[in-house]
Amino acid sequence: MADVRVARLNRLSLTNFRNYASLDLDLAAQLVAFVGANGAGKTNILEAVSYLTAGRGLRRASLTDITCKHVQEGGWSVASKVDQDGLDVSIGTGLKQNEAGRRVRIDGVDQRTSDSLLDYVRILWLIPAMDGLFTGPGSDRRRFLDRLTLSLNPGHGRQVSSFEKALRQRNRLLEQGGSASYLTAVEQQVAELGTSVALSRRETVSLLQGTLSEQAELGLPFPIASLELTGDFEAETEGLSASDQEDHFRKLLEDGRPRDRAAGRTLTGPHLSDLHVRHTAKGMPASQSSTGEQKALLIGLILAHADLSASVSGLTPILLLDEVAAHLDPNRREALFARLDALGCQVFMTGTDESLFESLPSPSQIFAIEDGKARLLSV
C-alpha cells in the first residue's frame, strides 16, 4: 500500500453536540478507545466523527436533534485537523440556528455539499444498530451497500439520491395521470440513474468478494462471507451491457405503467435489490447463522472493505467501531486489534471497561468519558 495516503484526525473539537457543550481532543494514535458507562456519550463522539464525511451520520438523526440540550441557542459544530501524510487540513461541519442543512468548510472555505469531504476523509462504521443487518429489511442492506460503495465511488451517494427523486416523480405522475410524453422523459432519467446505481453496486460487491477471498488466506478468526446482489432487476439484466441494461429498464418501466399505477409505486428496479450474504464455511445464509456468527461476519466484512477502500481510493479510511470489543473473546479481540494495526487505518472504538482494550498495540490512546468530559488514561 505504498501509494496509499494515510488520513488521520489529530484534533477533534465538538461544540453543542449531543451531551457535549464543548470538547477538545488531542489525538496522537492510530487506535483510539473511549471507555465509560452506558449513556456517558462515547457513541456521541463517534457520531460527531461520522459527520466529517458525506452523508447523514451513523445515526441518520435529524440535524436539529443533535444540538446540546443545555444551550440556549440552537446549532452545533464538529471540527477537526486532518493529517494526510504530513499535510494538515482543517475540516468542519455544523448546523446554524434557523438553517435547514448543515454547513461544510475546508480550510475555512464554505463547500457546496458534504461530498467535498470525501477528498480528505472516508469513514466506515460498525454500530450495534447494525447487528440485525442480515435479518432485517432489504432497505437496511441496500443502505449498507451504498455506504460501502460511497467510499469507493464519491459520486454514488448523489446518484442514489437523484435516482430516488426521479422514482418519486414518476410515481406522482402515475398517480396524477401525467401525459405519456412526460412519463417517457422521466422514465428515461430513472433508467439512466438506476442503471448507474446498479452498476456501481455490482462493482463494489465484485471487488469486495475478491478482497474477502484474499482475507481468507490471512487466517483471521472471523468467518468469511460470500456476497451476491439479488433481485428481479439483477436477474433480468445479468450479462447485459450498460446500454442494454438501460434500454431494458426503460422498457420495463413503460410496460409496467398500469401495474405500477394500481400499486402506487414502481415495482421493478434496483431500488428493490438486496445484498445476499452467506457464511462461506458453513454454506448457509448469514440470516440463519447465530448472533455471534453474524457479528463476526460483519466484522470480517468491515475489515475487508477497509482494505479495499484504501486500495481503490488511495486513502486509508477511518473506522468507527461502537461496542465491538464486548462481543469478542480475548483471542478474537487481540486478533482484531492486530489486524486494525496492520491495516494502517485510524480507528475509534468504544467500550464500557478499560480492560476490553488491554491488548491494544502500543502506542494507542484510551480516554475515559464521564460528565461530558474526556480524560486520557493511557498512551
Side-chain angles (χ1 to χ4, degrees), residues 54-56 59-63 100-101 129-130 132-150 153 155-206 227-278 285-288:
R56 295 181 53 188
R59 284 189 174 116
R60 297 176 60 81
S62 167
L63 296 178
M130 295 165 62
L133 182 69
F134 302 132
T135 56
S139 58
D140 288 350
R141 288 182 290 279
R142 282 193 299 275
R143 189 180 300 120
F144 174 71
L145 177 56
D146 285 334
R147 168 57 58 180
L148 299 184
T149 304
L150 181 64
N153 174 10
H156 182 70
R158 194 64 54 186
Q159 286 181 326
V160 171
S161 296
S162 297
F163 172 56
E164 292 174 347
K165 181 179 178 181
L167 271 178
R168 290 193 296 270
Q169 187 177 9
R170 177 180 185 267
N171 292 339
R172 283 197 301 271
L173 284 172
L174 288 173
E175 179 185 359
Q176 297 169 5
S179 67
S181 59
Y182 198 179
L183 268 169
T184 296
V186 171
E187 287 169 353
Q188 173 66 37
Q189 186 179 31
V190 170
E192 290 176 356
L193 291 167
T195 299
S196 180
V197 167
L199 289 172
S200 293
R201 287 173 177 168
R202 282 174 171 167
E203 183 178 23
T204 296
V205 170
S206 176
L227 311 176
E228 182 184 8
L229 193 59
T230 63
D232 292 342
F233 179 81
E234 281 65 36
E236 293 173 356
T237 59
E238 185 178 4
L240 297 181
S241 66
S243 60
D244 286 343
Q245 285 186 43
E246 186 179 314
D247 289 342
H248 183 71
F249 190 14
R250 187 171 55 249
K251 187 68 165 57
L252 287 174
L253 292 169
E254 182 179 351
D255 293 344
R257 288 175 189 175
R259 181 192 61 180
D260 293 348
R261 182 179 288 111
R265 58 194 176 95
T266 301
L267 295 173
T268 186
H271 58 293
L272 301 174
S273 302
D274 201 348
L275 178 65
H276 186 62
V277 182
R278 294 181 66 84
S287 59
Q288 296 177 15

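Reckoned from all heavy atoms, side chains included, excluding hydrogens, waters and symmetry mates.
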* Asked: Side chain of Ser206, backbone of Arg202: donor and acceptor closer than 3.5 Å?
  -> no
* Asked: Shortest non-hydrogen contact from Arg142 to Pro270?
  -> CD-O, 3.9 Å
* Structure fact -> In terms of heavy-atom contacts, Phe233 and Ala198 come closest through CE2-CB, 3.7 Å
* Apply side-chain contact (heavy atoms from CB on, under 4.5 Å) to the pair Asp260 and Asn171, showing each step before the final yes or no. => CA-CA 8 Å; Asp260 293 348; Asn171 292 339; 5.7 Å; no
* Mind running side-chain contact (heavy atoms from CB on, under 4.5 Å) on Thr266 and Leu253 for me, showing each step along the way? => CA-CA 8 Å; Thr266 301; Leu253 292 169; 3.8 Å; yes
* Short side-chain to backbone donor-acceptor contact, Asn153 and Gly155, under 3.5 Å -> yes
* Structure fact -> From the list Glu164, Glu254, Glu187, salt bridge (charged side-chain N to carboxylate O under 4.0 Å, His left out) with Arg170 holds only for Glu187
* Taking all non-hydrogen atoms of both residues, which atom of Ser287 and which atom of Thr135 are closest, and how far apart? -> O-CG2, 3.7 Å
* Asked: Roughly how far, to the nearest 0.5 Å, is CG of Leu252 from CG of Leu267?
  -> 11.5 Å
* Asked: Should we say atom CD of Glu203 is surrounded by more than 12 heavy atoms from elsewhere, each under 6.0 Å from it?
  -> no
* Asked: If only atom types and distance count, is the side chain of Glu246 paired as donor or acceptor with the main-chain N or O of Glu192 below 3.5 Å?
  -> no
* Asked: So which heavy atom on Ser196 is nearest to which on Gln159, and how close?
  -> OG-NE2, 2.7 Å
* To do: With sequence neighbours excluded, tell me which residues meet side chain to side chain contact (heavy atoms under 4.5 Å, CB included) with Gln288.
  => Met284, Pro285
* Please say which of Leu167, Leu174, Leu173 ends up in a side chain to side chain contact (heavy atoms under 4.5 Å, CB included) with Val186. => Leu173
* Heavy-atom closest contact (Phe249 atom, Val190 atom, distance) -> CE2-O, 3.7 Å
* To do: Work out which heavy atom in Leu275 is nearest to a heavy atom in Arg141; give both atom names and the distance.
  => O-CD, 3.2 Å
* Near Arg265 CZ, under 6.0 Å, is it more than 12 heavy atoms from other residues, nucleotides or ligands? -> no
* **Note: Asp140-Arg143 ion pair, threshold 4.0 Å (strictly below)** => yes
* Asked: Taking everything shown except Asp244 itself, do over 12 heavy atoms lie less than 6.0 Å from its CG?
  -> yes
* Among residues two or more places apart or on two chains, list those pairs meeting salt bridge (charged side-chain N to carboxylate O under 4.0 Å, His left out) that have a residue in residues 175-184. => none
* **Stepwise side-chain contact (heavy atoms from CB on, under 4.5 Å) check, Asp146 with Arg201** => CA-CA 7 Å; Asp146 285 334; Arg201 287 173 177 168; 2.9 Å; yes
* side-chain contact (heavy atoms from CB on, under 4.5 Å) between Val160 and His156, intermediate numbers included -> CA-CA 6 Å; Val160 171; His156 182 70; 3.4 Å; yes
